[in-house]
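Take a look at the following structure, please.
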Amino acid sequence: MNYCSHCGETVRLAVPQGDDRLRYLCDSCGTIHYQNPRIIAGTLPIRDGKVLLCRRAIEPRLGYWTLPAGFMENAETTSEAAARETREEAGAEVNLQGLYTLIDLPHINQVYMLFRAELTSDFSAGIESLEVALFAEEEIPWQSLAFPTMEVTLRRYFEDRRARQGEGEFPLHLEQIDLETRERFFKTTHLPKHLQKLSSRQQSIGTSS
């Protein structure tokens with residue numbers, strides 16, 4: 001950050017009086033610019049035991065599979081954000097059944113809030129998705145998932161489903177993913193060759209348009 005969003009003057013990085021961490025300060029108007037973690041809200045949409053996944057049409061992780069999720073907007077609740085992202089990315093309506101995974105990523109200042117949900121409509125690829133599809137557990141493209149948050153959520157769901165055997169409530173999972181785990185995930189995931197070609201073609205189209 002170089003300039004104050006209130007008055008346009010330059011800012012400096014310093015610890016404000018009474019604080020314990022660096023902030024961007026504007027000496028001209030006195031504004032202290034606080035920067036806070038971003039919330040990513042989304043869903044784990046289920047129908048007949050299968051999970052709805054979206055294949056990303058945008059970077060980062062173009063061509064990889066993900067649960068529908070995205071940044072929360074101002075003036076909306078976390079559940080509204082989760083439903084909106086599902087509608088935008090998967091063209092689907094859902095009935096939210098409770099917060100399922102809350103995942104901290106402190107190294108990139110993000111918090112994921114993913115809701116377990118019942119898929120209640122048809123679905124189709126939104127502008128940020130190449131395709132959407134339902135997957136049984138044995139069909140999940142584990143090696144082609146976009147983010148470790150999605151892997152954690154999917155693995156917890158299938159573990160819980162086996163453990164409860166149709167009875168009892170799904171628990172809330174509080175998780176944390178550190179930088180080392182995130183980097184290891186990206187090194188061990190890959191796209192199959194036929195998806196690499198499709199993603200490269202899609203990227204070329206996006207660059208030329």
Side-chain angles (χ1 to χ4, degrees), residues 37-105 108 110-161 170 172-175 177 182 185-186 189 191-192 195 198-199 202-203 206:
R38 294 167 293 175
I39 295 175
I40 293 90
T43 63
L44 173 69
I46 309 295
R47 173 182 287 166
D48 298 328
K50 293 187 175 184
V51 178
L52 186 69
L53 297 179
C54 308
R55 197 158 73 83
R56 291 176 60 83
I58 58 172
E59 294 288 2
R61 307 291 278 174
L62 171 67
Y64 286 80
W65 290 94
T66 183
L67 293 167
F71 290 108
M72 184 177 177
E73 299 284 2
N74 291 336
E76 68 180 355
T77 66
T78 52
S79 57
E80 287 171 344
R84 173 183 55 76
E85 287 291 341
T86 304
R87 194 176 304 116
E88 290 176 358
E89 296 185 5
E93 298 296 330
V94 291
N95 177 26
L96 299 185
Q97 298 178 323
L99 183 61
Y100 185 59
T101 52
L102 193 156
I103 308 172
D104 293 318
L105 292 89
I108 55 173
Q110 292 182 359
V111 178
Y112 273 73
M113 300 180 70
L114 297 171
F115 292 77
R116 195 167 52 84
E118 176 191 9
L119 180 61
T120 60
S121 71
D122 292 333
F123 52 87
S124 60
I127 192 170
E128 294 184 358
S129 301
L130 294 173
E131 59 180 312
V132 292
L134 287 167
F135 293 86
E137 180 177 5
E138 64 274 11
E139 299 169 333
I140 297 292
W142 296 107
Q143 294 302 312
S144 300
L145 292 178
F147 306 109
T149 48
M150 304 309 169
E151 180 185 39
V152 167
T153 299
L154 288 166
R155 291 197 185 280
R156 293 291 178 268
Y157 170 70
F158 291 121
E159 290 168 1
D160 288 343
R161 193 174 69 176
F170 282 88
L172 169 62
H173 293 279
L174 305 179
E175 308 278 350
I177 295 174
R182 188 166 179 264
F185 172 85
F186 290 140
T189 53
L191 289 177
L195 291 184
L198 287 174
S199 296
Q202 183 73 18
Q203 194 168 35

Task: Step-by-step side-chain contact (heavy atoms from CB on, under 4.5 Å) determination, Leu52 to Arg47 - done: CA-CA 8 Å; Leu52 186 69; Arg47 173 182 287 166; over 6 Å; no

Open item on the list: Any side-chain to backbone donor/acceptor pair from Glu89 onto Ala69? Under 3.5 Å, distance only.
Closed with: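 A pair under 3.5 Å: yes.
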
- [ ] Looking only at non-hydrogen atoms, find the nearest pair between Thr153 and Leu67 and report the distance.
- [x]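 Heavy atoms only, the tightest pair is CG2-CD1, 3.9 Å.
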
Open item on the list: Counting only heavy atoms not in Ile127 (residues, nucleotides, ligands), do more than 12 fall under 6.0 Å from its CD1?
Closed with: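 12 or below, so no.
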
Task: OH-CG distance between Tyr64 and Leu130, expressed to the nearest 0.5 angstrom - done: 13.0 Å

TODO: For residues Phe158 and Ile140, determine if any side-chain heavy atom of one lies less than 4.5 Å from a side-chain heavy atom of the other.
DONE: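 They are in side-chain contact.
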
Task: Lys/Arg N to Asp/Glu carboxylate O, Glu88 vs Arg84, below 4.0 Å - done: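 Salt bridge between Glu88 and Arg84, a charged N being under 4.0 Å from a carboxylate O: yes.
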
Task: Minimum-distance pair of heavy atoms, taken over all atoms of Val51 and Ile46 - done: CG2-CD1, 3.5 Å

Open item on the list: Are Tyr157 and Phe170, when compared by the centres of their aromatic rings, separated by less than 6.0 Å?
Closed with: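 Here the rings of Phe170 and Tyr157 have centres that are less than 6.0 Å from each other.
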
Open item on the list: Any side-chain to backbone donor/acceptor pair from Arg161 onto Gly49? Under 3.5 Å, distance only.
Closed with: yes

Task: Partner of Asp160 under side chain to side chain donor-acceptor pair (under 3.5 Å), chosen from His173, Arg155, Arg116 - done: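 Option passing the side chain to side chain donor-acceptor pair (under 3.5 Å) with Asp160: His173.
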
TODO: Decide yes or no on side-chain contact (heavy atoms from CB on, under 4.5 Å) for Leu114 and Met150, but give the supporting numbers first.
DONE: CA-CA 9 Å; Leu114 297 171; Met150 304 309 169; 4.2 Å; yes

TODO: Quick one: pull up CD in Glu93 and CG in Asp122 and give me the separation to the nearest 0.5 Å.
DONE: 11.0 Å

Task: Test item: Thr86 side-chain N/O and Ala92 main-chain N/O as donor-acceptor pair under 3.5 Å - done: no

Task: Test item: Arg56 and Glu128 side chains (from C-beta on) under 4.5 Å apart, heavy atoms - done: no

Task: Minimal non-hydrogen separation, Arg61 against Phe147, with atom names - done: CG-CE2, 3.6 Å

Open item on the list: Is any side-chain heavy atom of Glu175 closer than 4.5 Å to one of Tyr112?
Closed with: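 No. Closest side-chain heavy atoms not under 4.5 Å.
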
TODO: In sequence, state the C-alpha distance, the side-chain angles, and the governing distance for Leu53 and Val132, and then conclude on side-chain contact (heavy atoms from CB on, under 4.5 Å).
DONE: CA-CA 6 Å; Leu53 297 179; Val132 292; over 6 Å; no

Task: Side-chain touch Val111/Leu105, heavy atoms, less than 4.5 angstrom - done: no

Open item on the list: Quick check: closest heavy atoms across Ala125 and Ser129, and the distance to 0.1 Å?
Closed with: CB-O, 3.6 Å

